[in-house]
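To find a chain, count down the sequence lines: A is the first, B the second, and so on, and within it residues start at 1.
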There are 2 protein chains.
Amino acid sequence: MKIGDVAKRTGASVRSIRHYEKVGLIRATREENGYRDFDEADVLLVRRIGRMIRLGFTTEEIATFLNCIVDDPATVTTCPKVAAAHRLKLAAIERQMADLETRRQKLLITLKAASGQDDTSVPETLAHAETNPIALAHPRHPGARGLFRRRG
Amino acid sequence: MKIGDVAKRTGASVRSIRHYEKVGLIRATREENGYRDFDEADVLLVRRIGRMIRLGFTTEEIATFLNCIVDDPATVTTCPKVAAAHRLKLAAIERQMADLETRRQKLLITLKAASGQDDTSVPETLAHAETNPIALAHPRHPGARGLFRRRG
DNA sequence: GTAACCCCTGACATCAATGTCAGGGTCAAG
DNA sequence: CTTGACCCTGACATTGATGTCAGGGGTTAC
């Protein structure tokens, strides 16, 4: 099966599939003319990789546990690495959610203050009360990007 | 006041302050030797910009409404643009939170299945049941980056 | 005059998956 | 033989605030 077929059957772009091969997530044999040759198992694998990426794993992370997932027909067996990676990702996501929630609250406070017609209110967001010069931080959201990412 | 002093008093790096000037968020007069010269108002402004960035606004977004914020001593007045921008950001954050929540749920499902010792369970995350080849998407999180961002 | 700071500009690096283009093959149908 | 639809590799672009370096100059205290 050629790469274009795999792309159609998985929803991943040809470019992405080549990328997955380059970073070692999949392997492809070559035909005499140099074309990559895939089989049914590769289709399943690429789909799995797509799901992992949509879950927020990077290809580097996926590489650490992908070989730990064995699927016989109708059954999936995993080794502990998989769960460990999932727990880490879960914790990261919860950190991000907490951060977003904080920001959300501050935005709400500002909006509430701004809706109070007159201007005497000094919402935290706009106030220049912050005294500590320590730059805080937001985690950069390690989620999916590129093709899999929304446009707006 | 020189740029290094502003940096110390705001927590922003010298590099960032120069950047804010380049993108038009702040203006600095120049001394004869070419050094930037800032005043007290600039300190407040840089702090405000830092807060906005930590809230997840980009400098480009900030530029659209920063000139709409007027602060007399102890009072902040804003025009409608500010609230509008905040509402947009709020909506974006809520979209991101919903996305994270979806991912979180899927991770939890996988973890639950994986903890069921034996391997007959086929969690959604790992299953290759997905038939539609449509690549979904995650919004790229437009939040704060760089200096203000966490390391881990 | 020289060390030790500070300032200046401009440019490249970071993250990570993907898009996209250039330049070039392969192959089957007409 | 030509057209069209594939395939290949390699490289650059995207995001966006910030780090960091190079190369050069100012200022101050010793």
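Arg104(B) has a carboxylate O that lies under 4.0 Å from a charged side-chain N of Glu101(B), or vice versa, which qualifies the two as a salt bridge. Using a 4.0 Å cut-off between charged side-chain N and carboxylate O, Arg95(B) and Asp99(B) make no salt bridge.
For the pair Arg30(A) CZ and dC8(D) C1', the interatomic distance rounds to 8 Å; values are reported in whole Å. Taking atom NZ on Lys2(A) and atom P on dC27(C), their separation rounds to 9 Å, with Å as the unit. Taking atom CD of Glu32(A) as the reference point, atom P of dC8(D) lies 15 Å away to the nearest angstrom. The distance from atom CD of Glu61(B) to atom C1' of dT15(D) is 13 Å, rounded to the nearest whole Å. Taking atom CZ on Arg15(A) and atom P on dC12(D), their separation rounds to 13 Å, with Å as the unit. In this structure, the CG atom of Leu55(B) is 17 Å from the P atom of dG16(D), given to the nearest Å. In this structure, His19(A) places its NE2 atom 15 Å from C1' of dG10(D), rounding to the nearest Å.
With hydrogens and angles ignored, no donor-acceptor pair under 3.5 angstrom links the side chain of Arg18(B) to the base of dT9(C).
Across dT18(D), dC6(C), dT20(C), the shortest atom-to-atom separation from the side chain of Ser13(B) is found for dT18(D).
Of the listed residues (Arg15(A), Arg30(A), Arg27(A)), just one forms a salt bridge (charged side-chain N to carboxylate O under 4.0 Å, His left out) with Glu21(A), and that residue is Arg30(A).
For the pair Asn33(A) and dC8(D), the criterion of a side-chain N or O lying under 4.0 Å from OP1 or OP2 is not met. OP1 or OP2 of dT18(C) sits under 4.0 Å from a side-chain N or O of Tyr20(A).
Backbone-only engagement by Arg36(B) is indicated by non-hydrogen atom pairs under 4.0 Å involving sugar-phosphate atoms exclusively.
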